[in-house]
Amino acid sequence: MAGESRLRKTRNMGIMAHIDAGKTTLTERILYYTGRSHKMGEVHDGEAVMDWMPEEQERGITITSAVTTCQWLNHTINLIDTPGHVDFTIEVERSLRILDGVVAVFCAVGGVEPQSETVWHQADRYQVPKIAFINKMDRIGADFNNTVEQIKEKLGARPLILHLPWGREDGFQGTIDLLNMKGLRWRDETLGMEYDPIDIPEHLHEEALFYREQLVETLADLDDHIMEWYLGGQEIPLPDLLAAIRKGTIDLKIVPIYCGAALRNKGVQPLLDGIIHFLPDPMDIPPVSGRNPISKKMENRPALDEAPFAGLAFKIIMDQGRKLTYLRIYSGTLNVGQEVFNPTKNVRERIARILRIHANKRERIEQAKAGDIVGLMGLKTTTTGDSLTDFDHPIILESIDIYEPVISLAIEPKTVGQQDKIIHVLDKISEEDPTFRFRYDEDSGQTIISGMGELHLEVLLHRMEREYDLSVNIGKPQVVYRETISEAVEVGETFDRELGGAHHQAQVRLRLIPNGRGEGNMFLHLIPEDTKPQPPIEAIKASIHESFTSGVLSGYPATDIKVILESAQTTESQSSEMAFRVAASMAFRNGCLKAKPVLLEPVMKLEIIVPDEFLGEIIGDINARKGKIEQIAPRKKIQQVQATAPLSQLFGYSTALRSASQGRATFTMQFSHYSTVAASPK
């Protein structure tokens, strides 16, 4: 029972938002008020505890998800501050995969911005309960009601307002607590550490009563007991209101709304109370499920210390040359020195150290239990998305979606003899970051690195220089194109050769069909099970998958092709896997050449916020870049432009946008889809 009571007092939660909504500032306040840090770091000073990487401090943005642990109301909060920039969306994805709840931060001026939508839908996919915090209520243009409306319309959520702002912009003084019907005023002299509950000011009383009525009405809709009290005109006890909000939040039916100004130290403690009261503990969420690699059946692992051990590695970082693996433990207990099994890679690993993490500081512990998020040292082969389990009870948990890179750079060493070091360093970086790829080009003698955007690759190159003392020459950014086919074809190939004193012969017939854009590659076969001799279908499939990596036009990866194996024949005496593999590869290549191959290029989705007076110039520039304007939405004195444009036309766009708008326009860009290239790229 001790384990159950510990789990009931644990919250594994994250903070997510659009870039510059104030996530890291909010996290710094949380650490200060919970006593985890004794000084509030500021993002703009480069002193935020959670932004500990030099690249984060220089740019004032979060790049890597930082993990920390703090205490509030006798509960333990394991907290992850995630990045808001779209180039680092994998960091959000892998954090959401292992979190039980999340606080979504919105800027009261900007409202629901594009990356807010992206991370919200990521959280929806993993069914993560959410609380919203509307930040920056002290800023000029802050509009609480408009932001709540956007949460409803753009995100399809059902907001439940628990705190109203007391004043706006310069006049923002605190919040109105609708559950206790009190005004909360923070004391500036204590840096917001203390606040006073006072009677709601007269001029806000009517508004508070209106929103309190809406709050109770919404809960009555979800809870029969509250409905009875509400219809009977009775006062509803606070514990019952809290219980109904908690259930509605965990069931993903409502999103509690708080507000404040983190930079001005207002509104943080009620949000912390909300995290404890309304976000789930590890026992509130369904037991994690996965496939048993031996029986191939789905199994569950309850969040209990005495259950078989199961955890998911969700992040790898290199710490002074040593590999640190972040693990969410779903069930069981883990001890230092214990041998664990990685069923994803089918290897055994030994735990050298278990660490409790506070940003970049570490605290050694001897044991970790269900519900914990810890760092592990000593794991050699485990990578992002791998499961770790008890050897006698293996289970492969759902992995993490990995995004495909869309942009490449060519790099080469500045000094002779450093090529091996480059490959060694890139190997380490790619182990940490699943969205980063690299390959060595024999023809040009250059190494090609690929990632999610210009900022992503820029940060990685800075790290190479800073952490590994490795400077490189950098080529121009290149688009990662794809190839596909535009017609269906049937093609047969025969491989017939004498090799090493043996005769190898195989005949393979394939049908190639174009798939819908974004559907990916597929391999199917029509070989009856009673065919004698049975051809090596797995070897043919492996050969086709290998062929997908290099297209027939320019060697870019092939995509959106369905390959159907119609027949595969040989004589028993001349049968060999190699013959089938080669015949399949030849058939695929020749089929692609006949099926009218085309190049595909990545098209990006742009959202541009621009003052009225520069709108015409910005639209003209998008059209000149072969882009399409999809929507223009007026927002007071600014315009919100949604557009799509080929990535090849968008290099250096941030500089062009700044010049065209005197530095007043901002934009976000993310991958949308692949589309046929009008003319071959140079």
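Only heavy atoms go into these numbers, but all of them, side chains included; no hydrogens, no water, no symmetry mates.
Across all their heavy atoms, I609 and Q640 have their closest contact at CD1-CG, 3.7 Å. Shortest non-hydrogen contact noted between G451 and L457 is N-CD2, 3.6 Å. Contact detail for S672 and K605: the closest heavy-atom pair is CB-N, 3.9 Å. Residue T147 comes nearest to C107 through the heavy atom pair OG1-O, 4.0 Å, listed as atom of the first residue, atom of the second, then distance. Across Q150 and V112, no two heavy atoms sit closer than the pair OE1-N, 2.8 Å. Closest non-hydrogen pair, L409 versus G475, comes out as CD2-O, 3.5 Å.
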Residues F133, I15; criterion side chain to side chain contact (heavy atoms under 4.5 Å, CB included); working and verdict: CA-CA 10 Å; F133 181 73; I15 295 190; over 6 Å; no
Derivation and outcome, side chain to side chain contact (heavy atoms under 4.5 Å, CB included), residues M13 and V128: CA-CA 9 Å; M13 51 81 57; V128 181; over 6 Å; no
Trace of the side chain to side chain contact (heavy atoms under 4.5 Å, CB included) decision for L593 with N590: CA-CA 5 Å; L593 287 167; N590 291 339; 4.3 Å; yes
Residue pair F172, F144: steps toward the side chain to side chain contact (heavy atoms under 4.5 Å, CB included) verdict: CA-CA 12 Å; F172 180 66; F144 176 79; over 6 Å; no
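Within a 6.0 Å radius of CG in D469, other residues, nucleotides and ligands contribute 12 heavy atoms or fewer.
Pairs engaging residues 512-523 under the side-chain hydrogen bond (donor to acceptor under 3.5 Å, both in side chains) rule: R517-D560 [sequence neighbours left out]. Among residue pairs with one or both ends in residues 638-666, those qualifying as ring-ring contact (aromatic ring centres under 6.0 Å, His included) are Y653-F667; sequence neighbours excluded.
The shortest side-chain heavy-atom distance between Y126 and V102 does not fall under the 4.5 Å cut-off. At least one side-chain heavy atom of P514 sits under 4.5 Å from a side-chain heavy atom of I485. In this structure the side chain of C592 reaches within 4.5 angstrom of the side chain of L512, judged on heavy atoms. Within the 4.5 Å cutoff, no side-chain heavy atoms of V480 are placed close to those of R437. In this structure, the side chains of M464 and L426 come closer than 4.5 Å at one or more pairs of heavy atoms. Put simply, the side chain of I449 reaches to within 4.5 Å of the side chain of L461, judged on heavy atoms. Side chains of R328 and D100 form a contact here, defined as non-hydrogen atoms less than 4.5 Å apart. I423 is listed as a side-chain neighbour of F438, based on a closest heavy-atom distance under 4.5 Å.
With rounding to the nearest 0.5 angstrom, the CG atom of D124 is 4.0 Å from the NZ atom of K130. Once rounded to the nearest 0.5 Å, the distance linking CD of Q639 with CD1 of I619 reads 8.0 Å. A distance of 8.0 Å separates CD1 of I629 from CG of L615, quoted to the nearest 0.5 Å. For the atom pair CD (E546) and CD1 (I544), the distance works out to 10.0 Å, reported to the nearest 0.5 Å. Atom CD1 of I373 is separated from atom CG of N12 by 4.0 Å, given to the nearest 0.5 angstrom. H545 NE2 to F523 CZ: the interatomic distance, rounded to the nearest 0.5 Å, is 7.5 Å.
Under the 3.5 Å distance criterion, the side-chain polar atoms of E483 are matched with a main-chain donor or acceptor of Y556. Under a 3.5 Å cut-off, the side chain of Q642 and the backbone N or O of Q631 do not form any donor-acceptor pair. Between the N135 side chain and the A262 main chain, a donor and an acceptor come within less than 3.5 Å of each other. A donor-acceptor contact shorter than 3.5 Å is absent between the side chain of N623 and the backbone of G620. One N or O on the side chain of K323 and one on the backbone of T382 form a donor-acceptor pair closer than 3.5 Å. Here the side chain of R482 pairs no donor or acceptor atom with the backbone of T559 at under 3.5 angstrom.
Under the side-chain hydrogen bond (donor to acceptor under 3.5 Å, both in side chains) criterion, E630 pairs with no residue, sequence neighbours left out. Remark: Y258 engages H163 in a ring pair (Phe, Tyr, Trp, His ring centres under 6.0 Å) (not counting sequence neighbours). In this view, S675 and V603, H673 satisfy the side chain to side chain contact (heavy atoms under 4.5 Å, CB included) rule, not counting sequence neighbours. With sequence neighbours left out, R264 forms a salt bridge (charged side-chain N to carboxylate O under 4.0 Å, His left out) with D138. Listed by chain and residue number, E601, K626, S648, Q649 satisfy the side chain to side chain contact (heavy atoms under 4.5 Å, CB included) test with P646 (two or more places apart in sequence, or in another chain). Residues satisfying the side chain to side chain contact (heavy atoms under 4.5 Å, CB included) criterion with K596, sequence neighbours excluded, are S486, E487. Under the side-chain hydrogen bond (donor to acceptor under 3.5 Å, both in side chains) criterion, E613 pairs with R664, not counting sequence neighbours. In this view, Q127 satisfies the side-chain hydrogen bond (donor to acceptor under 3.5 Å, both in side chains) rule with no residue, not counting sequence neighbours. The ring pair (Phe, Tyr, Trp, His ring centres under 6.0 Å) test applied to F588 returns F548, not counting sequence neighbours. Contacts of K421 classified as salt bridge (charged side-chain N to carboxylate O under 4.0 Å, His left out), with partners at least two apart in sequence or in another chain: none.
Counted by atom type alone, S661 and E617 present zero donor-acceptor pairs between their side chains at under 3.5 Å.
The side chain to side chain contact (heavy atoms under 4.5 Å, CB included) test with I30 is passed by exactly one of L79, T25, T68: L79.
A salt bridge does not link R168 with D143: none of the charged nitrogens is closer than 4.0 Å to a carboxylate oxygen.
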